[in-house]
Engineer: 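Below are the structure tokens for one structure; questions will follow.
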Amino acid sequence: MTTAKKAERTLQQVKMPDDLHRAIKMKAVQDDVLMQEVFDEAMKKLIADRKTKKIQYLASPREGKSRSFWLRDSILTEVQSAAEQDDVPVNRVEYTALVRFFE
């Protein structure tokens, strides 16, 4: 769900479990980057993987919390295109990208 726009980023929201959110925070601290850069990296990896693999998309867990993050507009365009081509919601593409990134 897109809710706001800031510079070259758009605010996205995905429901996720606390442990996934913690893993994102920890990776940002380890790599000394902003969390939004971890989100960008996870999305880019899924987009690249789609070129060589069939992606099994995951639904966000019912008990997860909605978390917001800023995604670079150019990456969001690719995510939206992937969602349309694969006939799945954008937030499902985003959630799957995050889970796969931390596997």
Side-chain angles (χ1 to χ4, degrees):
M1 165 195 307
T2 304
T3 56
K5 221 169 161 46
K6 176 181 176 184
E8 295 177 359
R9 291 186 173 272
T10 301
L11 189 63
Q12 298 292 289
Q13 192 172 60
V14 173
K15 193 180 265 192
M16 67 181 78
D18 288 339
D19 60 336
L20 178 57
H21 191 251
R22 255 189 314 278
I24 295 164
K25 282 183 179 180
M26 288 174 55
K27 174 117 175 92
V29 169
Q30 282 178 330
D31 295 353
D32 194 27
V33 297
L34 296 173
M35 284 178 63
Q36 66 190 17
E37 293 175 53
V38 177
F39 287 105
D40 288 350
E41 192 178 344
M43 300 306 139
K44 288 192 289 189
K45 183 175 181 337
L46 180 112
I47 296 303
D49 287 350
R50 276 184 78 249
K51 294 176 182 172
T52 60
K53 302 174 188 170
K54 176 148 175 61
I55 304 297
Q56 182 69 37
Y57 291 100
L58 307 170
S60 298
R62 214 173 253 168
E63 68 280 354
K65 291 182 187 170
S66 291
R67 307 288 184 160
S68 298
F69 61 96
W70 291 99
L71 190 60
R72 187 171 303 284
D73 288 344
S74 59
I75 297 169
L76 178 57
T77 299
E78 292 183 76
V79 167
Q80 290 169 330
S81 176
E84 187 176 314
Q85 289 170 19
D86 295 346
D87 197 28
V88 295
V90 170
N91 64 338
R92 189 168 285 192
V93 175
E94 293 168 338
Y95 177 70
T96 301
L98 293 167
V99 169
R100 288 172 51 93
F101 191 70
F102 288 98
E103 288 182 325

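Just so we're clear, the structure is a prediction, and the values are computed from it rather than from any experiment. Quick note: numbers below take in every heavy atom, side chains included, and nothing from hydrogens, waters or symmetry partners.
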Engineer: Nearest heavy-atom pair of Asp40 and Arg9: which atoms, and what distance?
Structural biologist: OD2-NH2, 2.6 Å

Engineer: Could you tell me if the side chain of Lys15 sits less than 4.5 Å from the side chain of Tyr95, heavy atoms only?
Structural biologist: no

Engineer: Applying side chain to side chain donor-acceptor pair (under 3.5 Å), name anything that partners Arg67, two or more places apart in sequence or on another chain.
Structural biologist: Asp18, His21

Engineer: Minimum heavy-atom separation for Ile75 to Met43, with atom names?
Structural biologist: CG2-CB, 3.5 Å

Engineer: Rounded at 0.5 Å granularity, tell me how far NZ in Lys25 sits from CG in Leu20.
Structural biologist: 12.0 Å

Engineer: Looking at Asp87, I want to see if its CG is surrounded by more than 12 non-hydrogen atoms of other residues, nucleotides or ligands under 6.0 Å.
Structural biologist: no

Engineer: How many angstroms lie between NZ in Lys53 and CD1 in Ile55, if you round to the nearest 0.5 Å?
Structural biologist: 7.0 Å

Engineer: Nearest heavy-atom pair of Leu58 and Thr96: which atoms, and what distance?
Structural biologist: N-OG1, 2.8 Å

Engineer: What I'd like to find out is whether the side chain of Pro89 reaches to under 4.5 Å of the side chain of Arg92, using heavy atoms alone.
Structural biologist: yes

Engineer: Mind checking whether Leu34 and Leu98 sit in one hydrophobic cluster, side chains of I, L, V, M, F, W, Y counted as touching below 4.5 Å?
Structural biologist: no

Engineer: Do Ser60 and Val14 touch side chain to side chain, with heavy atoms closer than 4.5 Å?
Structural biologist: yes

Engineer: Verify whether one side chain among Gln36 and Arg72 offers a donor that lies under 3.5 Å from an acceptor in the other.
Structural biologist: no

Engineer: With no hydrogens and no angle check, do the side chains of Ser74 and Glu78 hold a donor and an acceptor under 3.5 Å apart?
Structural biologist: no

Engineer: Do you reckon Phe101 sits in the same ILVMFWY cluster as Met26, going by side-chain contacts under 4.5 Å, direct or chained?
Structural biologist: no

Engineer: To the nearest 0.5 Å, what is the distance between CG (Asp73) and OG1 (Thr10)?
Structural biologist: 3.5 Å

Engineer: At what distance, to the nearest 0.5 angstrom, does CG of Leu46 lie from NZ of Lys51?
Structural biologist: 11.5 Å

Engineer: Out of Met35, Gln13, Glu94, which residue meets the side-chain contact (heavy atoms from CB on, under 4.5 Å) rule with Phe69?
Structural biologist: Glu94

Engineer: Should the heavy atoms of other residues, nucleotides or ligands under 6.0 Å from CD of Gln85 be counted, would the total exceed 12?
Structural biologist: yes

Engineer: I need the minimum non-hydrogen distance between Phe102 and Ile24, along with the two atoms involved.
Structural biologist: CE1-CG1, 3.6 Å

Engineer: What closest approach, in Å, do Arg50 and Asp86 show between heavy atoms, and which atom pair accounts for it?
Structural biologist: NE-OD2, 2.9 Å

